[in-house]
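All remarks here apply to the structure that follows.
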Number of protein chains: 2
Amino acid sequence: MSATIKDVAKLAEVSISTVSRVINDSKPVSPEVRRRVLNAIEELGYKPNEVARSLVTKKSNLIGLIVNDIGDSYVAQIVRGVEEVGRMYNYDIVLCSSYGSKDTEIKFAQVLRRKQVEGIIVVSEILNKEIIEQIKEYKIPYVYLNKYYDSIESPTVSIDNYEASCMMTEYLISLGHKNILYVTNEKDMDLTIEKDKIKAYRDTMELNKVESHIYAVSGHGIDDGYNIGEKVKELYNTKGITAVFCCQDEIAIGLINYFYDQNMRVPNDISISGYGDIKLASIYRPELTTIKEPYYDIGAVAIRRIIKELKGEGVEEQSINLPIQIMKRESCERIY
Amino acid sequence: MSATIKDVAKLAEVSISTVSRVINDSKPVSPEVRRRVLNAIEELGYKPNEVARSLVTKKSNLIGLIVNDIGDSYVAQIVRGVEEVGRMYNYDIVLCSSYGSKDTEIKFAQVLRRKQVEGIIVVSEILNKEIIEQIKEYKIPYVYLNKYYDSIESPTVSIDNYEASCMMTEYLISLGHKNILYVTNEKDMDLTIEKDKIKAYRDTMELNKVESHIYAVSGHGIDDGYNIGEKVKELYNTKGITAVFCCQDEIAIGLINYFYDQNMRVPNDISISGYGDIKLASIYRPELTTIKEPYYDIGAVAIRRIIKELKGEGVEEQSINLPIQIMKRESCERIY
DNA sequence: GTGAAAGCGCTAACAG
DNA sequence: CTGTTAGCGCTTTCAC
C-alpha cells in the first residue's frame, strides 16, 4: 500500500539504516546521500509508520485520558490543557469517556495499557480505588483528578479548597452579609472535599462571630440547584439569609434560575456565589461570583508532571496546589 | 518489563502460535492446552501488546478526530457521539485540537496518518480545501463536519439548513410576528451555509408577504451578539422589529445579554431565536427557542459511516441529512 | 491440533 | 559515514 522505508532505500540506492538516519537525524549522513534520500522520500510521499517505530522504541507517544464526560465544560477545559502541553512534547491523546461508571473506568485503563500509552490521566467524579491500584500496577506515570472526592493517595493537582472557601466566606462577610447559607453536597460528605470546605466556612463564620447555616443538596447539577430553590427561599424568609455560598457553580446557577422564575432578583434580593468558575459562570446573567478552579492549568500541570516523570526528571511532591483566585462578579452584592 | 506472548508460551509449554490462537480464538485449540495457556496468562498478568498486533494486522483500531476546539460545547457533543459509537466497534479516539489554524489542521492529518489511524473525522469551522485533498490522498475513510461552511465535496452529515430556516421563519410568523430581523454572518457569505439560510428566510418572508430585514454580524461568538445589541435596539425602535432570528445560538444569547443589561425583557419586549441548540440554550434564562442541530447524532452517524466503509459495507450518499427539530422555548412569544 | 518460520516497518548495535 | 543484522511482539501461512 503506502511506501515503506524499504521502498525509499531502494529508490535512493542506500540501505534502510541510512534512510532511518536521515529521518531521525540520529547519525551523520553525507550531504549527497541525504539529498538522495530526501528526494526519494518526497517522490514516494513516504511517511514513517509510527506503529512500527513504537514497537521497537517502546515509545507510543500516547497519553491516555479517561474522563467522566467530555460534555462537561470543566472537563473540556482540562482536556484542552492536557492536549495543548502534550502536543508541545509530541504526545497524542487517546480519549475515553466513562460516564461515571466504575467498571468502564477500569476497562479503559486496561485498554489504554494494551495500547501502550506512556501515561494516564484520570478525570473522575466518583470514588474508585480499584482504578488507582490497577494503574499503579502498570508502573506508568499517572495523575488522578477529582473535583469532588479526595484523591486517594495519588498524584494530583488542584487548589487548596480549605483556603479557597475561607476566602469566599470572608469576602461575603466583607460585603456586609451576616446570614450566609452554605449549600453543600450530602453525598459521602466525609470522603469528599466538602468536609474541608464546610470546615473552612464554619471556621471563618465563627472567627467573625456569626452563625453558620448549612444545607445539603443531593446532586451537583443545575437541576439540583433549582430544586432546592424553594427551601432556600424559605430560609430567606424565615432566617433572613442574604447570601448563599454554593459548593458548585451548577448549584448556584440552578438556584438563580429558580429565583428568576420566582421573580426574585439576584443580587438585589439575594447574593449567590458558586465554586469552580465553569465556563457558564461568566456568560450567565447575572455573572456569577465564584472561586476559580483553573481547569485548563490543572490539565496542563497534570500532563507536565507525567512528561517530567517520563523524562526521568525529578517530580515534586504528590499533589500540586495551584493559586486561588476569587472571581468577583455580579451575583454578589454589598448589603447595608 | 511486561510479560510477552513468549513468556506465556514458555510457561504453558506450548508454542507462541498456540498462545496467539487462544487469545484470538482464531483456530481450534484442544481444551487441555487452552486451559494451560489461560492459566499462564492469568499467572503472568499477560496483556497483548496492541502496537505489535497493529503492525502485523495493519489495524490500529484508532480513529483520528481533528476538532476546532473541544471547549466549544457543540464540539464536545459531536465528540461524545463519535466516541460512544466508536467504542461499540472497538475503536479508540485520538483527539487533536486545531484552534482554527489551517496549518495545524493539516499537520494533524499527517500526524494521524503516521499513527496509522483507520479513519479521520474533521470538525472544522474554517475553509480548508487542502486538508481534504490531503486526507483524500491517504485513501482512508473520512467525514468532514463544518457548522459554517459548505462541505466541499466531502462526505458529511448535517441537517437541511434551508428547510430548517424555513421552519423557523414560518414559526415566528405563526406567532404573529411581521417585522422579523434575520441576523446573519457577513464572513464569506456565499461560501457558507448562510446563503441557504438567508434564502430560506427571504423565501418564507416573501411567501407570507412580509418584508425582509437582514443584518450582518462579523463573528459568531456571544460577544459579537452583544455588540450588535445597540444596532438591533435601534432597529427595534425605528422599524418596529418584534423578533430576531439569529443565525447562531451564541449571537442570540449575546443579544439577550445586551437586552438584559439594558433592562429590556426577552421575550416580553422582543422575541429572539437562535440556531444550533447548543447546551447553553436550554440552561439559559430565558430558555432559547432554536433549531436543533443534533450534534451528538452528527458525531455518531459520522463515525458509523466510517466504520461501515472500513468494513466494506456499502456507504450511502455523500452527505447524510438528519431530521430537523425546532425547539420551542421561552425566548419567543406570541405577539398580538 | 500444534509448531516452526517468515515477516509487519522500523531502530539500533555492530562491523567495516 | 554506510551497510548488515538482529530483533520489537505479534499473526499467519505452511507443514506435520
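These numbers were taken from a predicted model, which means no experiment stands behind them. Lettering of chains follows the sequences in order, A, B, ..., and the numbering in each one begins at 1. Excluded from the calculations below are hydrogen atoms, water molecules and symmetry mates; all remaining heavy atoms, backbone and side chain alike, are included.
Not one side-chain nitrogen or oxygen of Ser15(B) sits closer than 4.0 Å to the OP1 or OP2 atom of dA4(C). Between dT2(D) and Ser30(A), a contact under 4.0 Å exists linking OP1 or OP2 to a side-chain N or O.
Distance, Lys115(B) NZ to dG9(C) P: 18 Å, rounded to whole Å. Distance CD (Glu32(A)) to P (dC1(D)): 13 Å, rounded to an integer number of Å. Remark: C1' of dC10(D) and CG of Asn24(B) are 9 Å apart, rounded to the nearest angstrom. Rounded to an integer number of Å, the gap from CZ of Arg21(B) to P of dT13(D) is 11 Å. One can place NZ of Lys27(A) at 13 Å from P of dT11(C), the figure rounded to the nearest angstrom. Atom CZ of Arg36(A) and atom C1' of dG3(D) are 13 Å apart (whole Å). In this structure, the CD1 atom of Ile23(A) is 14 Å from the C1' atom of dA12(C), given to the nearest Å. What separates CD1 of Ile5(B) from P of dG3(C) is a distance of 12 Å, to the nearest Å.
Taking the six-membered ring where the residue is Trp, His220(B) and Tyr148(B) present parallel rings, their angle staying beneath 30° rather than reaching 60°.
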Verdict with reasoning, Glu50(A) to Arg114(B), per salt bridge (charged side-chain N to carboxylate O under 4.0 Å, His left out): CA-CA 5 Å; Glu50(A) 294 289 343; Arg114(B) 293 165 60 136; 3.1 Å; yes
Trace of the side chain to side chain donor-acceptor pair (under 3.5 Å) decision for Ser124(B) with Glu105(B): CA-CA 9 Å; Ser124(B) 179; Glu105(B) 281 188 350; 2.8 Å; yes
Step-by-step side chain to side chain donor-acceptor pair (under 3.5 Å) determination, Ser158(B) to Thr156(B): CA-CA 7 Å; Ser158(B) 67; Thr156(B) 191; 5.4 Å; no
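Of all heavy-atom pairs spanning Ile70(B) and Val75(B), the tightest one is CA-CG1, 4.0 Å. Nearest approach of Pro48(B) to Ile23(B), heavy atoms of both residues: CG-CG2, 4.2 Å.
For the helix from dG1(C)-dC16(D) to dG16(C)-dC1(D), the rotation axes defined at the first and last 5 base pairs enclose an angle of 40°, given to the nearest 10°.
In this structure, a donor-acceptor pair under 3.5 Å is present between the side chains of Asp188(B) and Tyr149(B).
Side-chain atoms of Pro28(B) lie closest to dG1(C) of the nucleotides dC14(C), dG9(D), dG1(C).
A residue-by-residue look at Arg34(B) and Lys6(A) shows that Arg34(B) has its nearest nucleotide of DNA chain C further toward the 5' end. Along DNA chain C, the nucleotide closest to Val33(B) and the one closest to Ile16(B) are compared, and the more 5′ of them pairs with Val33(B).
Near DNA chain C, defined here as any heavy-atom distance below 4.0 Å, the residues from residues 43-64 of chain B are Leu55(B), Val56(B), Lys58(B), listed numerically.
Looking only at distances, a side-chain donor or acceptor of Arg305(A) sits under 3.5 Å from a matching main-chain atom of Gln318(A).
Salt bridge present: Arg34(B) and Asp25(B) bring a charged side-chain N and a carboxylate O closer than 4.0 Å.
Thr18(B) comes within 4.0 angstrom of sugar-phosphate atoms only, judged by non-hydrogen atoms across all strands, and of no base.
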